[in-house]
Amino acid sequence: MLSEAKWIHRAAAVFQGAGCPLYIVGGAVRNPLMGLPISDVDVCGPAQPEAVLALCEGTEVRAHLRAAHFGTVELHLTDSDGSRHMAEYTTFREDSYRCGHKPELVRFTTEIAVDALRRDFSVNALYRQVFPEGLGDVIDPTGGLAHLRQGVLHTVTADPDQVLKDDGLRILRAARFQAELDLEPTDALLESLTRYAPLLRDIARERLREELQKTLLADWRYPQLKRRSPGTESGLRTILHIGAWPELLGALPCREENLTALSRQTAVKGLPPVSQRLALLLAGAAPSQAAAPLEALRFSRWETDAVLRLMACYALETPTPVQTARAGLEVLEGTVQILTALGQPERAAHWKEQLRLLQESGAPLSLKELAVCGDDLLPLFRASGAPMNRMGSLLNTLWERAVCGELPNRREALLEAAEHRLVETTATALKNH
């Protein structure tokens with residue numbers, strides 16, 4: 001909670017000493033009111049960037065100009081024990097947009113009420129002044145407190161069009177805040193979201209991915225929140241309802257049973273959390289269909305690969321020992337969780353058994369765990385005259401036989417099998433030649 005963040009009060013003392021008020025805004029105000037932890041502390045005030053830099057000079061607050069045009073300054077403080085803290089300060093302002101995510105024209109102001117109208121949702125436009133000894137009362141220019149009590153999400157203006165037409169990313173932010181905070185969009189907001197969903201085409205794919213990822217992980221964000229409806233499911237249903245799904249994942253299907261299963265999924269260590277969520281959401285679709293949309297959203301190669309491996313495992317009805325080993329323990333555990341969440345206990349039990357057998361067999365789970373490597377086989381290749389480009393194929397064959405139990409994963413046994421294989425294939429090649 002912010003009451004434990006004494007460093008922000010030290011920053012306020014510096015501002016107060018210069019006669020400038022300092023306010024926290026957004027989640028730093030909203031989350032404590034909801035009994036939720038805060039992650040980032042955003043601060044603001046009427047002082048413009050040059051004044052902030054000047055008032056911090058020679059104090060324990062180090063100020064770094066980040067974006068003068070937007071009135072943004074980073075404030076850094078260090079505790080006596082070396083702990084470092086950072087808050088982003090923004091001058092009160094009003095924004096004008098022509099198109100896209102960034103405002104075209106910015107005008108600084110000294111009025112909180114004016115600054116509030118440039119923000120997206122009323123629950124994000126709550127302010128509290130920070131004093132050296134504590135916090136002031138909540139300042140609520142746009143009705144955010146009433147909306148929190150009602151459990152609804154609405155823009156800072158009565159007409160949502162005024163907010164959404166300026167910034168298409170706010171469309172996904174609405175779904176994300178619904179998912180994370182259990183706030184139901186008002187009917188007026190839903191209608192406006194539907195009208196402006198095409199604006200998502202103008203937003204950078206990375207920004208779309210960030211919001212989608214936060215929505216997908218919403219169920220796991222605030223476990224202490226008593227929800228009226230499943231978080232991630234509710235956010236995704238809004239994305240579907242307003243027609244925004246194709247802008248994110250193209251023609252990939254969104255199955256009803258997958259949506260309802262999300263709230264039952266348990267995370268598995270060792271796999272990217274977002275990959276586990278996507279693999280469940282897309283379970284049943286062909287992995288080849290999913291690769292392009294995920295890459296277009298700029299998911300990392302690691303995240304994309306994990307999704308595709310989980311989807312491929314889900315598609316297998318009776319996996320072979322080699323397929324099981326290739327999947328790896330984490331993917332096997334993730335597949336079990338997906339099957340369990342989807343209410344397929346027999347298949348989940350089968351995969352659990354495969355996982356148990358693989359763990360107890362002592363079989364090498366990858367080429368790295370094979371008792372021989374390329375350097376061990378090199379003398380055999382030289383002695384037999386076999387082409388070196390067959391090295392990878394031979395190692396893979398040895399690994400598959402070890403996984404299937406045809407060979408023990410011992411150096412001597414593997415080298416003997418490798419030598420026999422090379423002699424056999426070389427003789428066959430000479431005969432055919």
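Just so you know, these numbers come straight off a predicted model, no measurement behind them.
- Both tests hold for Arg347 against Tyr314: distance to the six-membered ring centre under 6.0 Å, angle to the ring axis within 45°.
- Side-chain atoms of Glu184 do not come within 3.5 Å of backbone N or O of Gln178 as any donor-acceptor pair.
- In this structure a side-chain-to-backbone donor-acceptor pair under 3.5 Å is missing from Gln289 to Ala285.
- Judged by distance alone, the side chains of Thr194 and Glu191 never bring a donor and an acceptor atom under 3.5 Å apart.
- Salt-bridge check for Arg207 with Glu211: failed, with every basic side-chain N at 4.0 Å or more from each acidic carboxylate O.
- Counting heavy atoms from C-beta outward, Leu282 and Leu310 have side chains that stay 4.5 Å or more apart.
- Of the possible donor and acceptor atoms, one in the side chain of Asp115 sits under 3.5 Å from a partner among the backbone N and O of Arg93.
- Here the side chain of Gln276 pairs a donor or acceptor atom with the backbone of Val268 at under 3.5 angstrom.
- Side-chain atoms of Arg277 come within 3.5 Å of backbone N or O of Leu262 as a donor-acceptor pair.
- The backbone N or O of Leu394 lies less than 3.5 Å from no partner atom in the side chain of Trp399, so there is not a single donor-acceptor pair.
- Applying the salt bridge (Lys or Arg N to Asp or Glu O under 4.0 Å) criterion to Glu346, with sequence neighbours excluded, gives no partner residue.
- Annotation: cation-pi pair Arg84/Trp7 absent, no NZ/CZ under 6.0 Å from the ring centroid and within 45° of its normal.
- Residues Tyr222 and Asn31 have side chains in contact (heavy-atom distance under 4.5 Å, counting atoms from C-beta outward).
- Glu180 and Arg227 are not joined by a salt bridge, as no carboxylate oxygen comes within less than 4.0 angstrom of a charged side-chain nitrogen.
- Listed for the Arg170 side chain is a donor-acceptor partner under 3.5 Å among the backbone atoms of Val163.
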From CA spacing to verdict: ring pair (Phe, Tyr, Trp, His ring centres under 6.0 Å), His76, His85:
CA-CA 6 Å; His76 297 263; His85 310 282; over 10 Å; no

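- Between the side chain of Ser393 and the main chain of Arg390, no donor-acceptor pair closer than 3.5 Å is present.
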